[in-house]
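Just below is one structure, and these are the notes that go with it.
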Amino acid sequence: MQQRRKIRYLIAFVLLIAGIFVLLFCNIGIGTVKIPLAEILTTGRAQEGMNAKILWEIRFPRTLAAAILGGALALTGYLLQTFFHNPIAGPFVLGISSGAKMVVALVMVFLLGNTIRVSSGLLILAAFLGAMLSMGFVLLMARKVDSMSMLVVSGVMIGYICSAITELVVTFAEDADIVNLHNWSRGSFSGMTWDNVKVMSVVAAAFLLVILLAKPLEAYQLGETYAQNLGVNIRTLRILLVVLSSVLSACIVAFAGPISFVGIAVPQLIRKLFGTTKPLLMIPACFLGGSVFCLFCDLLARKWMAPTELSISTVTAIFGAPVVLWIMISRNRQERG
């Protein structure tokens with residue numbers, strides 16, 4: 001039995017890694033201008049020409065951003081589901097993405113309205129503050145309500161409030177700012193640069209910290225009392241989970257805008273693929289799964305209705321929403337059974 005599990009884990013990781021490599025080449029090669037695989041492999045950054053510029057200045061940064069942010073989004077969903085012990089907890093459902101979006105919109109309108117340049121670091125900081133603000137409200141509601149379903153409803157209401165404030169801000173923005181905000185708020189990986197990708201190293205640091213929390217998380221999954229008996233500091237662990245979830249959500253919203261359903265759907269699909277909830281396996285697997293999911297959705301967003309590009313949230317909702325419905329139906333059957 002143990003040997004079978006190891007083989008299953010190995011096959012699952014191989015499939016995820018292979019999926020990333022295949023989709024990386026597809027996303028780089030497929031577009032309005034089709035670039036052959038041979039040219040992708042031989043084109044160097046120092047080379048000149050239209051195809052080289054398309055590859056290095058547009059497609060490579062966008063593809064890497066989709067892989068990194070997609071992984072971060074799925075990992076955020078896994079952390080929130082572990083924290084709240086709820087399979088449909090996620091940054092979008094709990095209103096964390098909406099809170100980050102609200103503060104980023106405020107910063108963008110104020111700074112752009114005063115002709116001040118908006119840096120990537122500043123956007124991440126603004127998104128982090130917004131995410132922490134929403135997370136604080138969610139945690140406050142968690143103390144007031146016992147039912148997890150009520151907590152999720154509270155998160156959705158917080159999301160609506162933040163979205164309403166964002167729309168109010170947009171109403172009083174300049175026309176040029178409204179265009180920028182509208183395109184960003186729909187969710188998209190377009191317009192990514194190498195400077196953006198470099199700033200995304202924050203995600204790598206957060207990922208390493210989450211890996212270090214694998215053993216405490218495994219104990220936490222078995223109950224707070226059990227974790228405390230093993231010497232886990234529950235309060236510190238919770239604070240770290242909140243901060244890391246907020247940092248990851250901030251990176252995603254700051255660069256790509258709010259993206260729906262990835263944080264809920266991917267961790268559940270990964271659990272089914274691996275047949276385990278062990279954090280040491282789930283953490284890297286969720287990251288890889290999120291990368292595969294977002295690379296696939298970004299490819300569809302660009303090509304499905306070409307030359308019109310769909311928002312990434314539209315595509316992720318098409319594939320992610322059925323997974324959420326399946327989770328709710330399965331859980332309802334288990335409770336009745």
Side-chain angles (χ1 to χ4, degrees), residues 71-100 127-128 130-159 203 206-228 230-253 260-271 276-287 289-290 324 327-328 331:
L73 190 53
L75 185 57
T76 304
Y78 172 72
L79 292 177
L80 291 172
Q81 288 168 18
T82 303
F83 181 83
F84 289 107
H85 302 289
N86 191 317
I88 61 170
F92 193 82
V93 171
L94 294 177
I96 297 169
S97 295
S98 297
F128 176 72
M132 288 293 288
L133 183 66
S134 292
M135 191 65 144
F137 278 111
V138 171
L139 292 174
L140 185 64
M141 291 303 300
R143 291 186 176 183
K144 301 293 182 182
V145 297
D146 297 326
S147 171
M148 276 297 172
S149 59
M150 284 301 296
L151 179 63
V152 172
V153 171
S154 301
V156 172
M157 293 302 105
I158 290 167
V203 172
F207 175 78
L208 291 175
L209 289 172
V210 174
I211 286 287
L212 294 175
L213 294 176
K215 285 190 176 181
L217 279 174
E218 189 171 356
Y220 183 78
Q221 286 177 337
L222 297 172
E224 293 181 13
T225 305
Y226 179 81
Q228 285 177 332
L230 290 179
V232 177
N233 189 322
I234 297 297
R235 185 178 180 182
T236 303
L237 180 62
R238 282 179 166 178
I239 291 171
L240 286 171
L241 287 176
V242 169
V243 171
L244 288 170
S245 299
S246 298
V247 168
L248 291 169
S249 296
C251 288
I252 298 150
V253 174
S260 59
F261 292 104
V262 179
I264 305 174
V266 173
Q268 298 301 322
L269 294 173
I270 292 296
R271 281 193 184 97
T276 184
T277 58
K278 288 184 179 181
L280 196 59
L281 291 170
M282 287 294 296
I283 291 167
C286 281
F287 194 92
V324 176
I327 293 166
M328 295 174 69
R331 193 176 185 188

* Rounded to the nearest 0.5 Å, what separation is found between the CG atom of Leu73 and the OH atom of Tyr78? -> 16.0 Å

* To the nearest 0.5 Å, how far apart are CG in Leu80 and CG in Leu75? -> 9.5 Å

* To do: Please report the closest heavy-atom contact between Ala72 and Leu248, naming both atoms and the distance.
  => CB-CD2, 3.9 Å

* Under the criterion side-chain contact (heavy atoms from CB on, under 4.5 Å), which of Leu241, Leu240, Val247 is the partner of Val243? -> Val247

* To do: Check for a donor-acceptor pair, side chain of Ser245 on one end and backbone N or O of Leu79 on the other, with a separation under 3.5 Å.
  => no

* Structure fact -> Between Ser134 and Gly99 the two heavy atoms that sit nearest each other are OG-CA, 3.1 Å

* Residues Val262, Ile252; criterion side chain to side chain contact (heavy atoms under 4.5 Å, CB included); working and verdict -> CA-CA 12 Å; Val262 179; Ile252 298 150; over 6 Å; no

* What closest approach, in Å, do Ala219 and Leu230 show between heavy atoms, and which atom pair accounts for it? -> CB-CD1, 3.9 Å

* To do: Check the pair Tyr220, His85 against side chain to side chain contact (heavy atoms under 4.5 Å, CB included), reporting the backbone distance first and the verdict last.
  => CA-CA 10 Å; Tyr220 183 78; His85 302 289; 3.6 Å; yes

* Asked: Is there side-chain contact between Pro284 and Ile211, with heavy atoms separated by less than 4.5 Å?
  -> yes

* Inter-residue atom distance Phe128.CZ - Leu133.CG, 0.5 Å rounding -> 11.5 Å

* Heavy-atom pair of closest approach, residues Ile264 and Gln268 -> O-CG, 3.3 Å

* Asked: What pair of heavy atoms forms the shortest contact from Ile270 to Gly289, and how long is it?
  -> CD1-CA, 4.0 Å

* Rounded to the nearest 0.5 Å, how far apart are SG of Cys286 and CG of Leu269? -> 9.5 Å

* **Qualifying residue for side-chain contact (heavy atoms from CB on, under 4.5 Å) with Val242, from Ile96, Leu139, Val138** => Leu139

* **Steps toward side chain to side chain contact (heavy atoms under 4.5 Å, CB included) verdict (Gln81, Met282)** => CA-CA 12 Å; Gln81 288 168 18; Met282 287 294 296; over 6 Å; no

* How far does CZ of Phe83 sit from CG of Leu94, to the nearest 0.5 angstrom? -> 10.0 Å

* Looking only at heavy atoms, what is the nearest atom pair of Pro91 and Gly263, with distance? -> CD-CA, 4.4 Å

* Show your working on side chain to side chain contact (heavy atoms under 4.5 Å, CB included) between Ile283 and Leu217 and close with a plain yes or no. => CA-CA 10 Å; Ile283 291 167; Leu217 279 174; 4.3 Å; yes

* Rounded to the nearest 0.5 Å, what's the gap from NZ on Lys215 to CG on Leu280? Could you check? => 8.5 Å

* May I ask you to check whether over 12 heavy atoms, not counting those of Leu222, lie within 6.0 Å of atom CG? => yes

